[in-house]
Q: 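This is the structure, below, for whatever I ask next.
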Amino acid sequence: MAIKAKKLQPAKTAAIEETRKVLSDYTNYVFIDYRGLTVEQITKLRHSLREHDAQLKVFKNNFARVAFDELKNDQVAQYLSGPTAITLIKDEANEAAKVLFDFAKETPSLVVKGAWVDNEIYDKAKIEAFAKLPGKKQLIAMLMSAINGPARKLAGTLQAYVEKKQAGGDAPAADAAPAAEATPAS
């Protein structure tokens, strides 16, 4: 539950509004505990996330709670305690989650707390399982490969048939055409 003062200072109101604007631009969030990470490690993680159209931001927990409340998302408040960084993701949440879990293998001080993905709260175990799934682009490639395989086989078979006919002579096809022309039209 966010703590709200009776009279908010203008600077805090502006900071909460800015936090709300940033959070509203994204649809998926992964919450991590970044305690123990060096500046170089955080920079490396941010660079890796940018490659997957995601950002890593740190907000004041109370400001983030109020902003999420304004966005009608109060379920994530459980993850906003202690040093928390929020991974902001627009599209492929599992690709960004993969980056986080791969980075956590290299750097055990990074702890994934949970996530908000596609309007559903994910605990650590669920987001870890989600990260192991193939991404949308990989699934599309797999589907296209599955669809394209039989079509390619059919095209190869038809091409082989055409080549066989051309190599063996076009006699059956050539004989049928003059016979059709020789028949008088009534």
Side-chain angles (χ1 to χ4, degrees), residues 2 11-149:
K12 288 184 180 180
T13 306
I16 291 170
E17 181 60 28
E18 181 62 31
T19 302
R20 189 192 61 73
K21 277 185 190 176
V22 171
L23 292 175
S24 67
D25 288 342
Y26 295 88
T27 55
N28 303 309
Y29 314 97
V30 179
F31 303 93
I32 64 169
D33 184 344
Y34 64 93
R35 189 180 339 203
L37 293 178
T38 64
V39 173
E40 293 85 19
Q41 290 170 329
I42 291 175
T43 304
K44 181 181 174 187
L45 178 60
R46 282 184 168 145
H47 179 72
S48 299
L49 287 169
R50 255 186 248 120
E51 293 173 2
H52 295 282
D53 203 22
Q55 288 188 14
L56 184 70
K57 294 266 188 189
V58 178
F59 302 102
K60 286 189 126 214
N61 287 338
N62 202 32
F63 294 171
R65 274 190 213 100
V66 172
F68 275 120
D69 282 344
E70 290 177 5
L71 293 171
K72 308 287 188 253
N73 185 350
D74 56 350
Q75 296 177 356
V76 299
Q78 62 186 335
Y79 299 123
L80 296 171
S81 62
T84 303
I86 304 174
T87 305
L88 308 166
I89 309 160
K90 287 191 180 188
D91 293 326
E92 303 249 356
N94 67 329
E95 292 294 326
K98 263 183 212 171
V99 170
L100 290 170
F101 281 104
D102 289 345
F103 194 83
K105 287 178 188 172
E106 298 170 13
T107 314
S109 57
L110 175 84
V111 177
V112 177
K113 294 180 175 184
W116 176 261
V117 177
D118 295 329
N119 296 322
E120 187 178 341
I121 198 83
Y122 284 35
D123 63 356
K124 182 181 178 180
K126 192 170 182 180
I127 191 67
E128 188 171 6
F130 181 68
K132 292 177 183 175
L133 295 174
K136 189 185 297 184
K137 292 176 184 173
Q138 289 173 320
L139 286 173
I140 290 171
M142 291 166 60
L143 176 66
M144 295 310 295
S145 176
I147 291 172
N148 205 12

Q: Enter the distance from Ile127:CD1 to Ile121:CD1 here, rounded to the nearest 0.5 Å.
A: 10.0 Å

Q: Would you name the heavy atoms of Leu49 and Ala96 that are closest together and state the gap between them?
A: CD2-O, 3.8 Å

Q: Decide, yes or no, whether a salt bridge links Lys12 with Glu17 under the criterion of side-chain N to carboxylate O below 4.0 Å.
A: no

Q: Shortest non-hydrogen contact from Ala85 to Val58?
A: CB-CG2, 3.9 Å

Q: Can any side-chain N or O of Asn94 pair as donor or acceptor with the backbone N or O of Lys132 at less than 3.5 Å?
A: no

Q: Enter the distance from Leu100:CG to His52:NE2 here, rounded to the nearest 0.5 Å.
A: 10.0 Å

Q: Could you tell me whether a side-chain N or O of Ser145 sits under 3.5 Å from a main-chain N or O of Ala141, the two making a donor and an acceptor?
A: no

Q: Considering all heavy atoms of both residues, which atom of Trp116 and which atom of Thr27 are nearest to each other, and what is their separation?
A: CD1-O, 3.7 Å

Q: Compare every heavy atom of Thr19 with every heavy atom of Ala64, then report the nearest pair and how far apart it is.
A: CA-CG2, 4.1 Å

Q: Sub-3.5 Å donor-acceptor pair from the side chain of Asn28 to the main-chain atoms of Glu92, do we have one?
A: no

Q: Determine, using ring centers only, whether Tyr29 and Tyr79 are less than 6.0 Å apart.
A: no

Q: Give the minimum heavy-atom separation between Val99 and Ser48, together with the two atoms involved.
A: CG1-CB, 3.7 Å

Q: Give the C-alpha distance, both sets of side-chain angles, the deciding distance and a yes or no for side-chain contact (heavy atoms from CB on, under 4.5 Å) between Glu106 and Gln41.
A: CA-CA 10 Å; Glu106 298 170 13; Gln41 290 170 329; over 6 Å; no

Q: Has the side chain of Ser24 got a donor or acceptor atom that lies under 3.5 Å from a matching backbone atom of Lys21?
A: yes

Q: Side chains of Lys113 and Thr84: donor-acceptor distance under 3.5 Å anywhere?
A: yes

Q: Between Glu128 and Tyr122, does any side-chain donor sit less than 3.5 Å from a side-chain acceptor?
A: no

Q: What distance separates Glu95 CD from Leu133 CG, expressed to the nearest 0.5 Å?
A: 10.5 Å

Q: If I take atom CG from residue Asp53 and atom OH from residue Tyr26, how far apart are they, to the nearest 0.5 angstrom?
A: 7.5 Å

Q: Under the side-chain contact (heavy atoms from CB on, under 4.5 Å) criterion, do Phe63 and Arg20 qualify, and how do the steps go?
A: CA-CA 9 Å; Phe63 294 171; Arg20 189 192 61 73; over 6 Å; no

Q: Could you pull out all residues at least two apart from Glu40 that satisfy side-chain contact (heavy atoms from CB on, under 4.5 Å)?
A: Thr38

Q: Among Leu45, Ile86, Val111, find the residue that satisfies the side chain to side chain contact (heavy atoms under 4.5 Å, CB included) test when tested with Ile32.
A: Leu45

Q: Got a donor-acceptor contact below 3.5 angstrom from the Lys124 side chain to the Ala115 backbone?
A: no

Q: What are the two closest non-hydrogen atoms of Leu56 and Arg46, and how far apart are they?
A: O-NE, 3.1 Å

Q: Show your working on side-chain contact (heavy atoms from CB on, under 4.5 Å) between Val76 and Arg65 and close with a plain yes or no.
A: CA-CA 8 Å; Val76 299; Arg65 274 190 213 100; over 6 Å; no

Q: Start with the C-alpha gap between Asp74 and Phe68, add the side-chain angles, then the distance that decides, and say whether side-chain contact (heavy atoms from CB on, under 4.5 Å) holds.
A: CA-CA 6 Å; Asp74 56 350; Phe68 275 120; over 6 Å; no

